[in-house]
Amino acid sequence: MRKIYVAGNWKMNKTKTDAVAFALELKSKIEPFEKTEIVICPSFVALAPVADILQETRAGVGAQNVHWEVSGAFTGEVSAEMIESAGCQYVIIGHSERRQYFGETDENVNKKIKRVLQTCCLSPIVCVGETLEQRESGKMKEVVETQIKNGLAGLSTAQMERIIIAYEPVWAIGTGVTATPEQAEEVHGFIRELLSTIFDETIAENTSILYGGSVKPDNIESLLKQNNIDGGLIGGASLKVDSFVQMIEIAEKMGN
Ligand code: 13P
């Protein structure tokens, strides 16, 4: 059975104080949950305090970016070991905002994934997705295929067991426009087929593929009902404890 995730990507939101307050409240509300994998991804400065608070709970903590080198003269960058030592279990790699605003390429994504897999226990959440222009010009599958093939190039099947994929159509991020469950399912199914071609059937069957792009309490159920959607990577609606917890409740009730 694939794991189902409700993962919050806070992007550049919340001070350390705000993040700590959220984590304390979340901790008090997630005790009843037993199935859903819960993840929050605060900014770098809040990782350690949030991870300390959530340590004994079922919620994991992830960073939003990582550098591909171990250490050295890379001013402003943060290594996988630093993230792991802050108490994290996850790191988002290749988010479309990093690709769009910070020049992230599939090659960088691949280097970052490989470095993260050198740590003991960090799992990369690898993001892919097409822009509106690419979708409208019929290049959606081609774009996603290139991102998947190049991003995951050279990984062994054993390494793939640690990878989580997030399909985030760029046109649905922060716009309030969600892909319909059918639109998302089409691409999720396509990604799963690709995984079976590049790796094998077992990897394809066991890899969690999350959907991201205007996920909220109102639409998460219809998305999670799709065969190939194994959770959400959620921006805006993850910033308030109540809506975040509501989405976990829905995932739990669906019996995942
Ligand atoms: P929104 O949920 O705010 O659209 O953001 C999605 C996202 O980019 C998560 O990584």
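Note that these values count all heavy atoms, side chains included, but never hydrogens, waters or copies made by symmetry. Whatever order the structure lists them in is the order used to number ligands and atoms, beginning at 1. Given the structure is predicted, the values throughout are model-derived calculations rather than measurements.
When the ring pair (Phe, Tyr, Trp, His ring centres under 6.0 Å) test is applied to H95, no partner is found at least two apart in sequence or on another chain. Residues meeting the ring pair (Phe, Tyr, Trp, His ring centres under 6.0 Å) test with F74, sequence neighbours left out: H67. Evaluation of the ring pair (Phe, Tyr, Trp, His ring centres under 6.0 Å) rule for W10 yields F22 as partners, not counting sequence neighbours.
T15 and D18 share a side-chain donor-acceptor pair at under 3.5 Å. A donor-acceptor contact closer than 3.5 angstrom is absent between the side chains of Q147 and Y167. Checking Q134 against T131 by side-chain atom types alone, a donor-acceptor pair falls below 3.5 Å.
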Find all protein N or O atoms under 3.5 angstrom from an N or O atom of ligand 1 and list the pairs with distances, or write 'none'.
{"unit_1": "ligand 1", "atom_1": "2 (O)", "unit_2": "S214", "atom_2": "N", "d": "3.4"}
{"unit_1": "ligand 1", "atom_1": "2 (O)", "unit_2": "G235", "atom_2": "N", "d": "2.9"}
{"unit_1": "ligand 1", "atom_1": "3 (O)", "unit_2": "G236", "atom_2": "N", "d": "2.9"}
{"unit_1": "ligand 1", "atom_1": "4 (O)", "unit_2": "G174", "atom_2": "N", "d": "2.6"}
{"unit_1": "ligand 1", "atom_1": "4 (O)", "unit_2": "S214", "atom_2": "N", "d": "2.7"}
{"unit_1": "ligand 1", "atom_1": "5 (O)", "unit_2": "K11", "atom_2": "NZ", "d": "3.2"}
{"unit_1": "ligand 1", "atom_1": "8 (O)", "unit_2": "K11", "atom_2": "NZ", "d": "2.8"}
{"unit_1": "ligand 1", "atom_1": "8 (O)", "unit_2": "H95", "atom_2": "NE2", "d": "2.8"}
{"unit_1": "ligand 1", "atom_1": "8 (O)", "unit_2": "E168", "atom_2": "OE1", "d": "3.3"}
{"unit_1": "ligand 1", "atom_1": "10 (O)", "unit_2": "N9", "atom_2": "ND2", "d": "2.9"}
{"unit_1": "ligand 1", "atom_1": "10 (O)", "unit_2": "H95", "atom_2": "NE2", "d": "2.9"}
{"unit_1": "ligand 1", "atom_1": "10 (O)", "unit_2": "E168", "atom_2": "OE1", "d": "3.2"}
{"unit_1": "ligand 1", "atom_1": "10 (O)", "unit_2": "E168", "atom_2": "OE2", "d": "2.8"}

